[in-house]
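Everything numeric in this text was worked out from a predicted model, so none of it was measured. The figures that follow rest on heavy atoms only: side chains count, while hydrogens, waters and symmetry mates do not.
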Amino acid sequence: KKISDILEKSAPKPGVPADLQNLLNQHFGENRSVIEREELKLSDSCFLPANDLTHSFSSYLKEICPKWAKLRKNHEEKKSVVMLVICSSALRSLELIKSMTAFKGDCRVLKLFAKHIKIKEQINMLEKGLFHIGVGTPGRVKALVEQDGLCLNSTKYMILDWNWRDQKLRRMMDIPEV
């Protein structure tokens, strides 16, 4: 069976914490001891309620982060963001940035993907400016963290664009590189 055949017959279901937990166990479980696997478990309190697919991206962000204005005003740390949104592609990142205009207010958004933007430029922007939201791809976010260009200490929200499917009907978590 092709995934497109299966998807046509079933309604899309929002991601749940167990999906991410299963993915972590599959990826890291074989190389870890029992104690290390236990440390990989995330409690349900680590997760926000999933978008039940009735919300737009802006309305979902307003629901999960009602005190955004206060968080935005109190954020003064450079090389970091308050909210990190991770998507499967640069085009999807741009789409989400455009769709969050009703939510973000007067905060600054940083594009964290490789399309036409060099990593050194992004590191310089993070060091010089103050950004509230970062939207990008897993590969670029990983590279920025590894090169100490992006610090996650003050990140309060990490949002995974879990349910969106690309032209090949793959979700972000279905891509082997991710």
Side-chain angles (χ1 to χ4, degrees), residues 3 6 10 12-53 55 57 60-68 70-72 74-90 92-93 96 100 103 107 109-114 119 122-123 126-127 130-166 169-178:
I3 192 165
I6 294 169
S10 65
K13 292 184 287 186
V16 294
D19 294 336
L20 181 61
Q21 197 64 59
N22 291 336
L23 189 72
L24 288 171
N25 289 336
Q26 287 173 7
H27 185 74
F28 294 112
E30 297 173 8
N31 306 331
R32 312 269 181 190
S33 69
V34 175
I35 295 169
E36 289 173 322
R37 275 188 246 142
E38 202 55 41
E39 290 176 351
L40 285 175
K41 289 191 177 167
L42 300 169
S43 69
D44 285 344
S45 65
C46 294
F47 295 92
L48 299 166
N51 187 349
D52 58 8
L53 307 179
H55 287 283
F57 190 54
Y60 173 68
L61 292 177
K62 284 179 183 176
E63 182 179 304
I64 63 167
C65 188
K67 297 179 181 176
W68 175 247
K70 184 179 178 183
L71 282 172
R72 185 183 72 225
N74 293 338
H75 179 66
E76 296 175 0
E77 191 176 329
K78 294 189 179 187
K79 292 176 61 172
S80 69
V81 292
V82 178
M83 182 180 291
L84 181 61
V85 181
I86 301 179
C87 344
S88 58
S89 71
R92 177 64 176 166
S93 298
L96 289 179
M100 69 169 63
F103 169 77
C107 73
V109 178
L110 183 61
K111 300 171 190 167
L112 302 173
F113 49 80
I119 195 162
Q122 288 175 331
I123 290 172
L126 280 161
E127 287 173 349
L130 188 65
F131 293 92
H132 303 94
I133 301 175
V135 183
T137 57
R140 181 48 64 100
V141 170
K142 179 184 175 190
L144 286 166
V145 169
E146 287 174 347
Q147 294 183 23
D148 292 327
L150 178 63
C151 177
L152 300 176
N153 292 339
S154 65
T155 301
K156 304 287 185 218
Y157 295 93
M158 182 180 298
I159 298 170
L160 302 175
D161 190 22
W162 189 272
N163 296 312
W164 184 79
R165 294 185 184 272
D166 63 10
L169 298 175
R170 297 178 305 179
R171 296 176 305 161
M172 177 174 54
M173 298 303 155
D174 299 329
I175 300 169
E177 297 83 34
V178 173

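Residues A90 and T137 approach most closely at N-CG2, 3.8 Å, considering heavy atoms. Between E77 and C151, the shortest heavy-atom contact is OE2-SG, 3.9 Å. Across all their heavy atoms, M172 and D161 have their closest contact at CE-N, 3.8 Å. For the residue pair Q122 and L144, the shortest heavy atom distance occurs at OE1-CD1, 3.9 Å. Taking every heavy atom of both residues into account, I64 and P49 meet most closely at CG2-O, 4.1 Å.
Side-chain contact check for R140 versus I119: some heavy-atom pair is nearer than 4.5 Å. Looking at V81 and I133, their side chains never come closer than 4.5 Å, going by heavy atoms from C-beta outward. Looking at H75 and S154, their side chains come closer than 4.5 Å, going by heavy atoms from C-beta outward. Two residues are said to be in side-chain contact when any heavy atoms from C-beta on lie closer than 4.5 Å; F131 and L112 fail this criterion. When side chains are defined from C-beta on, F47 counts as touching L20, because their heavy atoms get closer than 4.5 Å. M100 places a side-chain heavy atom less than 4.5 Å from the side chain of V135. When side chains are defined from C-beta on, Y157 counts as touching C65, because their heavy atoms get closer than 4.5 Å.
If you take CG on L48 and CG on L160, they are separated by 10.0 Å, rounding to the nearest 0.5 Å. Once rounded to the nearest 0.5 Å, the distance linking CD of E76 with CG of L130 reads 7.5 Å. Here the SG atom belonging to C87 is positioned 4.5 Å from the CG atom belonging to L96, to the nearest 0.5 angstrom. Here the straight-line distance linking atom OG of S43 with atom NZ of K41 works out to 12.0 Å at 0.5 Å rounding. Between atom CG of residue L24 and atom CG of residue L40 there is a gap of 6.0 Å, rounded to the nearest 0.5 Å. Of the inter-residue distances, the one linking K156 atom NZ with M83 atom CE reads 12.0 Å to the nearest 0.5 angstrom.
In terms of modelled atom types and a separation under 3.5 Å, the side chain of K79 and the main chain of D148 share a donor-acceptor contact. Judged by distance alone, the side chain of R37 and the main-chain N or O of R32 form a donor-acceptor pair under 3.5 Å.
Using cut-offs of 30° and 60° for the angle between ring planes, the H132 and W68 rings count as perpendicular.
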